[in-house]
Amino acid sequence: WLRGLGVPVLATKEPSDGVHGRRIRELAARGERLPPAEELALFALDRADHVEREIGPALRRGDVVITDRYTDSTLVYQGLRGLPREEIERVAEAPFPAADVTLILTIPVPLALERIRERRRLLNPCPECDGSGTAFHSNSPPDGIACDACGARPDPFEDAERMGAVLDGFLRADGYH
């Protein structure tokens, strides 16, 4: 949608495809968890590398950067693991560029788990991603905790329309159209 408007876009994700991001995904695929502080440090290393290699250069070019998960996700995941918010912000948020807008998409836990299983075509051994992780997903923040933008619905077309309206306002404010 943005590219169709002529807006330069970098679409990326965290964990990244860098060495630290690959390690995080490998651990999750095996169902292994590091102690919370060690896991936070690994996420921070991944983010530092990600910002240096991809996000920073894109921002300097004037691109819009869309990241699937970023600092707000770290606050939620590491907070649910018991780390104090101040520590998470100090390590994984403060040293990095802040997001201009965060869209938090929420769907019913059973639908989320169904999508995860469908995407992977097998039951993920990671406890946070299978049926035993329902409590984790249910403890996620309620709709609108960090923004007023969007709470997802099972209809992806409705979601896209709502997100487009939110993003359109930001693009206009930044002079993109």
Side-chain angles (χ1 to χ4, degrees), residues 1-30 32-81 83 85-107 112 115-116 119-120 124 126 128-129 140-141 145-147 149-150 152 156 159-160 162-177:
W1 178 76
L2 292 172
R3 289 185 181 115
L5 296 173
V7 176
V9 175
L10 168 68
T12 187
K13 67 183 183 300
E14 287 191 357
S16 76
D17 292 326
V19 64
H20 304 295
R22 287 192 309 268
R23 177 151 187 255
I24 291 166
R25 283 195 306 280
E26 288 167 5
L27 289 167
R30 291 194 307 259
E32 296 178 29
R33 295 301 297 263
L34 297 172
E38 193 175 330
E39 185 175 86
L40 175 62
L42 186 57
F43 271 97
L45 286 170
D46 182 49
R47 181 160 301 136
D49 179 58
H50 192 206
V51 167
E52 182 180 326
R53 285 183 306 105
E54 297 183 59
I55 295 173
L59 292 174
R60 287 189 290 278
R61 286 190 306 266
D63 295 1
V64 169
V65 176
I66 299 174
T67 302
D68 180 4
R69 299 189 187 94
Y70 194 56
T71 56
D72 291 328
S73 291
T74 305
L75 283 169
V76 171
Y77 281 95
Q78 301 314 122
L80 289 172
R81 295 221 48 218
L83 291 175
R85 181 184 182 104
E86 297 77 26
E87 179 181 353
I88 300 166
E89 289 173 341
R90 181 182 54 77
V91 172
E93 184 174 335
F96 304 106
D100 291 327
V101 62
T102 297
L103 301 177
I104 298 176
L105 307 179
T106 59
I107 60 175
R115 287 181 179 180
I116 290 167
R119 183 177 63 234
R120 295 183 179 168
N124 188 330
C126 172
E128 285 76 18
C129 301
S140 295
I145 189 157
C147 66
C150 298
D159 291 341
R162 292 170 63 227
M163 286 187 291
V166 169
L167 293 175
D168 188 60
F170 282 94
L171 291 172
R172 287 182 193 281
D174 284 346
Y176 280 103
H177 68 106

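Applying the side chain to side chain donor-acceptor pair (under 3.5 Å) test to every pair with at least one member in residues 86-96, sequence neighbours left out, gives these pairs: Arg85-Glu89.
With sequence neighbours excluded, the residues that form a side-chain contact (heavy atoms from CB on, under 4.5 Å) with Leu34 are Arg23, Leu27, Glu38, Glu39, Leu42. Applying the side-chain contact (heavy atoms from CB on, under 4.5 Å) criterion to Arg61, with sequence neighbours excluded, gives Pro57, Ala58, Asp63.
Arg69 CZ to Ser16 OG: the interatomic distance, rounded to the nearest 0.5 Å, is 12.5 Å. Between Glu54 atom CD and Lys13 atom NZ the span is 8.0 Å, to the nearest 0.5 Å. In this structure, CG in Leu75 is found 6.0 Å from OG1 in Thr71, a value given to the nearest 0.5 Å. Between the OG1 atom of Thr67 and the CG atom of Asp72 there is a distance of 11.5 Å, given to the nearest 0.5 Å. Here Glu52 contributes atom CD and Arg47 contributes atom CZ; the two are 15.0 Å apart, rounded to the nearest 0.5 Å. For the atom pair Glu26 CD and Glu32 CD, the distance stands at 10.0 Å (nearest 0.5 Å).
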message: As a quick check of understanding, evaluate side-chain contact (heavy atoms from CB on, under 4.5 Å) for Leu45 and Asp49, giving each step before the final call.
response: CA-CA 6 Å; Leu45 286 170; Asp49 179 58; over 6 Å; no

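For Leu83 against Ile88, the heavy-atom pair with the smallest separation is O-CD1, 3.6 Å. Of all heavy-atom pairs spanning Leu40 and Ala92, the tightest one is CD1-CB, 3.7 Å. The heavy-atom pair separating Ile24 from Pro15 by the smallest distance is CG2-CG, 3.5 Å. Taking all atoms of both residues into account, the shortest heavy-atom contact from Val91 to Phe96 is O-CE1, 3.8 Å. Nearest heavy-atom pair, His50 versus Thr12, reported as atom, atom and distance to 0.1 Å: NE2-OG1, 2.6 Å. Across Gly21 and Asp46, no two heavy atoms sit closer than the pair N-OD1, 3.0 Å.
By the 4.5 Å heavy-atom criterion applied to side chains, Ser73 and Phe43 are not counted as neighbours.
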